[in-house]
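What follows is a set of notes on a single structure, which appears directly below.
Residues take their numbers from the sequence shown, with the count starting at 1.
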Amino acid sequence: MTTLQPPKRILITGGSGLLALNWACRLRDECEVYLARHSHDIRLRGARVVPLELESIDNLTRRLEEYRPEWVVHTAGITNVDQCEREPERAREANAVLARNMAEVTARLGLRLIHISTDHLFSGTRSMYREDDAPQPLNEYARTKLLAEQWVT
């Protein structure tokens, strides 16, 4: 059995979000953390906050080559369920297309990608879902996250 060694340098997308900030806080004393931001300005001791446009494959490739992370944790997206319902195309872009872009670039560069999904993929009518259970997305947020999973794998 191979033991997975923690990275020396990690890039976390969605840097202004709660999940990204928690990942960064947990890892900042163990490795070099690049916290990627899009539109919100942020500061976090022990993390290098960097701009990152996920919409352009070329720009994303250049930035990842520049930052040279060993791992990328992709947490960027729109998590507000009501906003996703109101703006389904924007939700699809933020939650699925950007994840596909990141998967394409990290695969091309040989980087490990950790893609964050959601429990919203399932209806919630029972407990203890397994990864191989059939998804039952009930809203636009869940549909866009399911699409991201299909594109990333």
Side-chain angles (χ1 to χ4, degrees), residues 4-122 124 129 131 135 137-153:
L4 187 62
Q5 296 298 316
K8 292 182 175 104
R9 182 177 294 139
I10 190 166
L11 181 133
I12 305 168
T13 67
S16 63
L18 184 62
L19 184 57
L21 287 168
N22 277 291
W23 271 80
C25 286
R26 171 61 182 86
L27 295 172
R28 66 185 170 185
D29 294 330
E30 298 172 22
C31 64
E32 190 175 351
V33 173
Y34 284 69
L35 194 55
R37 68 170 186 79
H38 183 254
S39 57
H40 295 82
D41 194 23
I42 53 175
R43 290 189 183 133
L44 181 65
R45 180 192 55 76
R48 181 174 173 198
V49 177
V50 295
L52 188 65
E53 294 180 27
L54 304 174
E55 298 85 359
S56 164
I57 297 286
D58 292 336
N59 287 340
L60 183 55
T61 301
R62 280 193 294 278
R63 289 291 174 242
L64 290 182
E65 287 173 336
E66 176 187 344
Y67 303 147
R68 299 181 334 269
E70 295 172 78
W71 292 7
V72 173
V73 179
H74 181 63
T75 72
I78 298 174
T79 58
N80 182 305
V81 174
D82 293 333
Q83 182 181 1
C84 290
E85 289 297 318
R86 287 189 311 271
E87 302 176 64
E89 283 304 310
R90 187 169 179 217
R92 182 179 186 275
E93 179 73 23
N95 294 336
V97 173
L98 299 183
R100 181 182 63 196
N101 291 353
M102 183 59 76
E104 180 181 323
V105 173
T106 54
R108 185 183 312 143
L109 297 177
L111 306 174
R112 291 189 182 274
L113 173 64
I114 299 171
H115 171 73
I116 305 300
S117 190
T118 180
D119 61 346
H120 284 247
L121 297 180
F122 304 103
Y129 286 94
E131 284 189 38
L138 298 178
N139 53 49
E140 196 60 31
Y141 170 69
R143 284 187 286 277
T144 62
K145 294 299 279 187
L146 177 58
L147 183 57
E149 281 198 10
Q150 293 165 344
W151 283 349
V152 166
T153 56

Nearest heavy-atom neighbours spanning S56 and N59: OG-N, 3.1 Å
Pairwise distance CG(L52) to CD1(I12) - rounded to 0.5 angstrom: 12.5 Å
E66/R63 salt bridge by N-O under 4.0 Å criterion: yes
R43 vs V49 side-chain heavy atoms within contact, under 4.5 Å: no
Interatomic distance, M102 atom CE to L11 atom CG [nearest 0.5 angstrom]: 6.5 Å
Distance-minimising heavy-atom pair for N101 and E55: ND2-O, 3.4 Å
Expected output: side-chain Y67 to main-chain I10 donor-acceptor under 3.5 Å: no
Side chains of L54 and H74 in contact at under 4.5 Å (non-hydrogen atoms): yes
Over all atoms of both residues, closest heavy-atom pair of R28 and G46: CB-O, 3.5 Å
Side chain proximity check, L146 to R143, heavy atoms < 4.5 angstrom: no
Closest non-hydrogen atom pair, A142 against P137: CB-CB, 3.5 Å
Exam field: side chain E85 to backbone E140, donor-acceptor pair closer than 3.5 Å: yes
R112, CZ: over 12 other non-hydrogen atoms inside 6.0 angstrom: no
Nearest atoms (heavy-atom pairs only) where A20 meets L35: O-CD1, 4.0 Å
Over 12 non-hydrogen atoms of neighbours within 6.0 angstrom of CD in E53: no
Side-chain polar contacts of residues 113-121 - donor-acceptor pairs under 3.5 angstrom, sequence neighbours left out - could you list them?
unit_1, atom_1, unit_2, atom_2, d
S117, OG, E149, OE2, 2.4
T118, OG1, H120, N, 3.0

Donor-acceptor pair, side chain of R48 and main chain of E32, under 3.5 angstrom: no
Report, one line per pair, each donor and acceptor closer than 3.5 Å where one atom sits in a side chain of residues 93-100; sequence neighbours left out.
unit_1, atom_1, unit_2, atom_2, d
N95, OD1, I78, N, 2.7
N95, ND2, I78, O, 3.0
N95, ND2, T144, OG1, 3.0

L64 to P69 - nearest heavy-atom pair and separation: O-CD, 3.5 Å
Reported CG-to-CZ distance for the pair L21 and R26, which is rounded to 0.5 angstrom: 15.5 Å
Spatial distance of atom OH (Y141) from atom CG (N80) [nearest 0.5 Å]: 10.0 Å
E70 side chain to K8 backbone, donor-acceptor under 3.5 Å: yes
